[in-house]
Amino acid sequence: MNVFENDGCYLLSFHWNGRQQAHGQTPDISAAADSARRWAEGFDLESLAAAHPFIEFSGLQLAYERGVAVEFQWAELLNAVEEEERAFRDLVILASRDDFLKQLFPRLGHRFALSANEYSQGILVAVFVYRPGWFVIYGDDGTFEFEGDARQVVDYLGHRLAVMRQDG
């Protein structure tokens with residue numbers, strides 16, 4: 001837990017397992033101290049926020065606490081590709097149905113990426129949209145590795161990442 005004083009307010013950051021789980025700010029030093037005490041005693045996020053409404057956390061942060069971050073992240077990505085990230089729609093849907101790939105932690109931005117688990121900082125692979133319905137993967141050194149439609153890419157990823165897991 002970190003507490004910083006800034007312009008008459010206490011800025012709080014609650015950490016667990018190397019990740020920020022919640023944050024908040026209050027001008028009341030006793031509320032800041034009580035929230036820190038409760039966090040140190042093991043209060044969960046919802047109980048902490050119920051006692052101190054200035055504390056905020058995201059759905060993903062709550063999913064980390066509950067041990068369901070991978071499942072939560074896949075659900076968020078599936079929702080995103082239906083509403084705004086349509087270029088990745090077919091790829092994300094097919095990947096989420098693959099028994100092996102759905103165990104990995106997905107990320108979506110300018111590319112679709114998979115990490116070994118929810119605590120991994122690095123990524124195992126990044127997939128870019130080359131043109132609508134066609135995707136490309138580059139190796140770590142920036143050279144071309146593979147391209148294809150959503151089904152071909154999911155098949156390739158399942159094989160490539162399963163081999164990586166066995167080797168390593």
Side-chain angles (χ1 to χ4, degrees), residues 1-2 12-24 39-49 55-168:
M1 156 118 210
N2 296 319
L12 300 107
S13 181
F14 302 86
H15 293 263
W16 174 76
N17 234 9
R19 295 212 177 274
Q20 182 188 51
Q21 286 298 100
H23 64 278
W39 185 250
E41 289 176 356
F43 276 63
D44 64 31
L45 291 172
E46 292 174 311
S47 299
L48 191 62
I55 295 172
E56 300 174 0
F57 54 89
S58 70
L60 181 58
Q61 290 167 319
L62 184 59
Y64 270 104
E65 180 178 83
R66 292 179 175 171
V68 294
V70 171
E71 295 87 349
F72 178 89
Q73 189 72 355
W74 276 110
E76 288 291 297
L77 264 58
L78 287 166
N79 185 51
V81 298
E82 288 298 331
E83 295 186 10
E84 63 229 20
E85 298 289 340
R86 302 209 41 102
F88 289 100
R89 183 180 182 277
D90 293 342
L91 179 65
V92 170
I93 289 170
L94 288 173
S96 74
R97 293 176 182 161
D98 183 274
D99 289 337
F100 178 73
L101 297 180
K102 72 181 180 185
Q103 297 173 44
L104 304 174
F105 190 79
R107 292 181 171 90
L108 191 60
H110 66 282
R111 85 291 194 247
F112 171 67
L114 294 169
S115 296
N117 59 53
E118 64 269 34
Y119 296 104
S120 298
Q121 294 299 316
I123 60 170
L124 298 171
V125 67
V127 181
F128 299 87
V129 174
Y130 183 71
R131 64 178 186 266
W134 200 256
F135 304 93
V136 65
I137 300 170
Y138 297 100
D140 292 337
D141 61 0
T143 59
F144 169 81
E145 183 177 320
F146 185 83
E147 70 178 285
D149 65 17
R151 168 56 51 207
Q152 291 168 320
V153 169
V154 166
D155 290 345
Y156 175 78
L157 291 175
H159 176 73
R160 177 182 178 251
L161 297 175
V163 168
M164 281 178 62
R165 183 172 274 181
Q166 289 172 351
D167 292 343

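Since the structure is predicted, the reported quantities are computational estimates derived from the model, not experimental observations. Nothing fancy with the numbering, it's 1 onward along the sequence.
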Sort and list the pairs that fulfil salt bridge (Lys or Arg N to Asp or Glu O under 4.0 Å) and have at least one residue in [range], not counting sequence neighbours.
| range | value |
| --- | --- |
| residues 65-78 | Glu46-Arg66 |
| residues 98-110 | Asp99-Lys102 |
| residues 150-159 | Arg151-Asp155 |
| residues 110-132 | none |

Holding to side chain to side chain contact (heavy atoms under 4.5 Å, CB included), I want the full list of residues that pass it with [X], two or more places apart in sequence or in another chain.
| X | value |
| --- | --- |
| Asp141 | Thr143 |
| His15 | Asn2, Ser13, Gln20 |
| Arg86 | Glu82, Arg89 |
| Phe43 | Arg38, Glu41, Ser47 |

Point to revise | Residues forming a side-chain hydrogen bond (donor to acceptor under 3.5 Å, both in side chains) with Gln152, sequence neighbours excluded | key: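 Not a single residue meets the side-chain hydrogen bond (donor to acceptor under 3.5 Å, both in side chains) criterion with Gln152.
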Point to revise | Residues in side-chain hydrogen bond (donor to acceptor under 3.5 Å, both in side chains) contact with Trp16, at least two apart in sequence or another chain | key: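 Once residues adjacent in sequence are excluded, Trp16 has no partner under the side-chain hydrogen bond (donor to acceptor under 3.5 Å, both in side chains) criterion.
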**Study point:** Non-neighbouring partners of Tyr64 that pass ring-ring contact (aromatic ring centres under 6.0 Å, His included), sequence neighbours left out
**Key:**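 By the ring-ring contact (aromatic ring centres under 6.0 Å, His included) rule, Tyr64 matches Tyr119.
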Check your understanding: What pairs with Tyr130 under ring-ring contact (aromatic ring centres under 6.0 Å, His included), at least two apart in sequence or on another chain?
Key ->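 Tyr130 satisfies ring-ring contact (aromatic ring centres under 6.0 Å, His included) with no residue once adjacent residues are dropped.
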Exercise for review: Fit a plane to each ring of His110 and Phe128, take the angle between them on a 0 to 90° scale, and name the class: parallel (under 30°), tilted (30 to 60°) or perpendicular (over 60°).
Suggested key: tilted
